Amino acid sequence: MIPHDLDQRLAAAAGTVSAYVGRPDTPPAYTRLPDATHYAASTMKIAVLVALHRAAEAGTVDPDRPVAVRNDFESARPGAPRFGCTADYDNDPAVWARLGGTATLRWLARRMIVRSSNLATNIVLAHVGLAGPADVWRLAGARHSVTARGIEDYAARDAGLTNLVTAADLAALLATIAAGATRPGPLAAPGHCAQMLEVLRAQEHRDCLPAGLPPDVPIAHKSGWVTGVRHDAGVVLPADAPPYAVVVCTTADPAADGFDRAAHDAAARRLIADVSAAAWLARHG
């Protein structure tokens, strides 16, 4: 269902490009290196969102209780100094404007997704713990994805603790959320899954998967990017066909000769949009 010339473009792209397109509970319609691991960038925030809703359903966390907005976190590396986020490396000044004050975990989780706030992510992660996302990946059937640390926890990174995803695992997680919104599933009750889908549909960074869709087509998705990395993972919700997952992960080596950060990122965004467009055209298949 992916045109041959587009498949060739994925194969010829610099670095590693993984893709997964398919409906929940069915064999995928198209894959390319679906089990290759990539640095997660902000796609790890999907698992943190699910972990919060699971904790809320279990009654261990109240998502509507105000919590302190502090930029001070325990490292995942035992014995390492505490760490904080960098404001200039974040995408959401609204969370930083509340520094020293309070906000609800529900609001922070929304900013974590729709604006990809790193500060909000680390605050939510501190309340659900690293065991929360680990349970989420396991229950979704993920085989290789790991959420091992918070964002900018460089001591943990240097110790080899990192956040990894695969296209297949991201597709499985999103498909499980989508299916769970209509019937009981392993992650959370349908009401919680529906709330997660609503937040993911409100994503404001729309220059990858949504760019390949007609503007009125809903997609619940989360993108992620750092130098050399550009991913987007989502569930498309057509009015005239069943939902389907589409994930594209791209990773190139910034240290490679001739690497151009802006050019790589622009090419990766176009490639992701083109895979999305091809999947849309084949949505009835």
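All of these numbers come straight from a predicted model, not from anything done at the bench.
- Judged by distance alone, with hydrogens and angles left aside, the side-chain atoms of Asn91 form no donor-acceptor pair with the main-chain N or O of Ser117 at under 3.5 Å.
- In summary, Asp265 and Arg269 engage in a salt bridge, as defined by a charged side-chain N under 4.0 Å from a carboxylate O.
- Listed by chain and number, the residues in a salt bridge (Lys or Arg N to Asp or Glu O under 4.0 Å) with Asp216 amount to none (sequence neighbours excluded).
- Proximity of His284 to Asp240: side-chain heavy atoms (C-beta onward) are separated by under 4.5 Å at one or more points.
- For the atom pair CG (Leu6) and CG (Leu271), the distance works out to 6.0 Å, reported to the nearest 0.5 Å.
- Taken to the nearest 0.5 Å, the CD1 atom of Ile2 stands 13.0 Å off from the NE2 atom of His4.
- Hydrophobic cluster membership differs between Tyr20 and Tyr244, with clusters built from Ile, Leu, Val, Met, Phe, Trp and Tyr side chains linked at under 4.5 angstrom.
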Task: Ser42 and Lys222: CA distance, side-chain angles, deciding distance, side chain to side chain donor-acceptor pair (under 3.5 Å) verdict - done: CA-CA 8 Å; Ser42 289; Lys222 182 71 191 80; 4.5 Å; no

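- Checked against a 6.0 Å centroid threshold, the rings of Trp137 and His144 do not count as neighbours.
- Taking 4.0 Å as the cut-off between side-chain N and carboxylate O, Asp232 and Arg270 do not count as a salt-bridged pair.
- In this structure a side-chain-to-backbone donor-acceptor pair under 3.5 Å is present from Asn118 to Tyr89.
- Of the possible polar contacts, none joining the Asp72 side chain to the Arg82 backbone as a donor-acceptor pair under 3.5 Å is found.
- The backbone N or O of Leu209 lies less than 3.5 Å from a partner atom in the side chain of Ser276, making a donor-acceptor pair.
- A pairwise comparison of heavy atoms in Ala211 and Ala273 identifies CB-CB, 3.9 Å as the closest pair.
- One hydrophobic cluster, built from ILVMFWY side chains closer than 4.5 Å, cannot hold both Val246 and Val235; they sit in different ones.
- The distance from atom CG of Asp253 to atom CZ of Phe259, rounded to the nearest 0.5 Å, is 8.0 Å.
- In this structure the side chain of Arg9 reaches within 4.5 angstrom of the side chain of Asp274, judged on heavy atoms.
- Between Thr227 and Pro254, the shortest heavy-atom contact is O-CG, 3.8 Å.
- Leu105 is connected to Leu130 through a chain of hydrophobic side-chain contacts under 4.5 Å among Ile, Leu, Val, Met, Phe, Trp and Tyr, so both are in one cluster.
- The backbone N or O of Tyr39 lies less than 3.5 Å from a partner atom in the side chain of His231, making a donor-acceptor pair.
- Transitive grouping of hydrophobic side chains (ILVMFWY, heavy atoms separated by less than 4.5 Å) keeps Ile151 and Val146 in distinct clusters.
- No side-chain heavy atom of Thr182 sits less than 4.5 Å from a side-chain heavy atom of Pro190.
- Residue Leu10 is not grouped with residue Trp225 when hydrophobic side chains (ILVMFWY) are merged at heavy-atom distances under 4.5 angstrom, including chains of intermediate members.
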Open item on the list: Pair Arg106, Gln195 - check side chain to side chain donor-acceptor pair (under 3.5 Å), show working.
Closed with: CA-CA 10 Å; Arg106 189 183 303 277; Gln195 290 174 37; 3.0 Å; yes

Open item on the list: Determine whether Thr250 and Thr16 satisfy the following criterion, side-chain contact (heavy atoms from CB on, under 4.5 Å), listing intermediate values before the conclusion.
Closed with: CA-CA 6 Å; Thr250 74; Thr16 302; over 6 Å; no

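- In this structure, CD1 in Ile219 is found 10.5 Å from CZ in Arg201, a value given to the nearest 0.5 Å.
- Between the side chain of Asn163 and the main chain of Ala40, no donor-acceptor pair closer than 3.5 Å is present.
- Between Arg143 and Asp169 there is no salt bridge, since no side-chain nitrogen of the basic residue lies less than 4.0 Å from a carboxylate oxygen of the acidic one.
- Looking at Ser145, its side chain does come within 3.5 Å of a backbone N or O of Thr166 through a donor-acceptor pair.
- The backbone N or O of Asp88 sits nowhere less than 3.5 Å from a side-chain atom of Thr86 that would complete a donor-acceptor pair.
- Interatomic distance, OG1 of Thr43 versus NE2 of His38, reported as 10.0 Å (0.5 Å rounding).
- At a threshold of 4.5 Å between non-hydrogen side-chain atoms, the residues Met112 and Leu49 count as touching.
- You'll find the side chain of Cys249 reaches within 4.5 Å of the side chain of Leu170, heavy atoms only.
- Taking the six-membered ring where tryptophan is involved, the planes of Phe73 and Phe83 are tilted, since the angle between them lies from 30° to 60°.
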Task: Leu174 vs Leu200, side-chain contact (heavy atoms from CB on, under 4.5 Å): CA-CA, chis, key distance, verdict - done: CA-CA 10 Å; Leu174 285 161; Leu200 289 162; 4.0 Å; yes

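- In terms of modelled atom types and a separation under 3.5 Å, the side chain of Thr102 and the main chain of Val67 share no donor-acceptor contact.
- Figure legend: Arg283 and Trp280 shown as a cation-pi pair, the cationic atom lying under 6.0 angstrom from the six-membered ring centre and within 45 degrees of its axis.
- Contact record, Leu108 with Ala103: CG-CB, 4.0 Å, taken as the closest heavy-atom pair.
- Between Ser116 and Lys45 the shortest heavy-atom distance is O-NZ, 2.8 Å.
- Annotation: side chain of Pro133 is not in contact with side chain of Met44 (no heavy-atom distance under 4.5 Å).
- Across every non-hydrogen atom of Ala140 and Ala172, the tightest pair is O-CB, 3.7 Å.
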Open item on the list: As a quick check of understanding, evaluate side-chain contact (heavy atoms from CB on, under 4.5 Å) for Ile177 and Ile46, giving each step before the final call.
Closed with: CA-CA 10 Å; Ile177 297 170; Ile46 305 171; 4.0 Å; yes

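- Ionic pairing of Glu198 and Arg110 is present here: one or more N-O contacts between side-chain nitrogen and carboxylate oxygen are shorter than 4.0 angstrom.
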Task: Verdict with supporting geometry, Trp96 and Cys85, side-chain contact (heavy atoms from CB on, under 4.5 Å) - done: CA-CA 10 Å; Trp96 288 87; Cys85 293; 3.9 Å; yes

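- In this structure a side-chain-to-backbone donor-acceptor pair under 3.5 Å is present from Glu57 to Ala189.
- Contact annotation: the side chain of His205 approaches that of Arg115 to within less than 4.5 Å [non-hydrogen atoms, C-beta and beyond].
- Nearest heavy-atom pair across Leu161 and Ala76 is CD1-O, 3.6 Å.
- Here the side chains of Pro63 and Trp107 are not in contact, with every heavy-atom distance at 4.5 Å or above.
- With rounding to the nearest 0.5 angstrom, the CD atom of Gln203 is 4.5 Å from the NE2 atom of His221.
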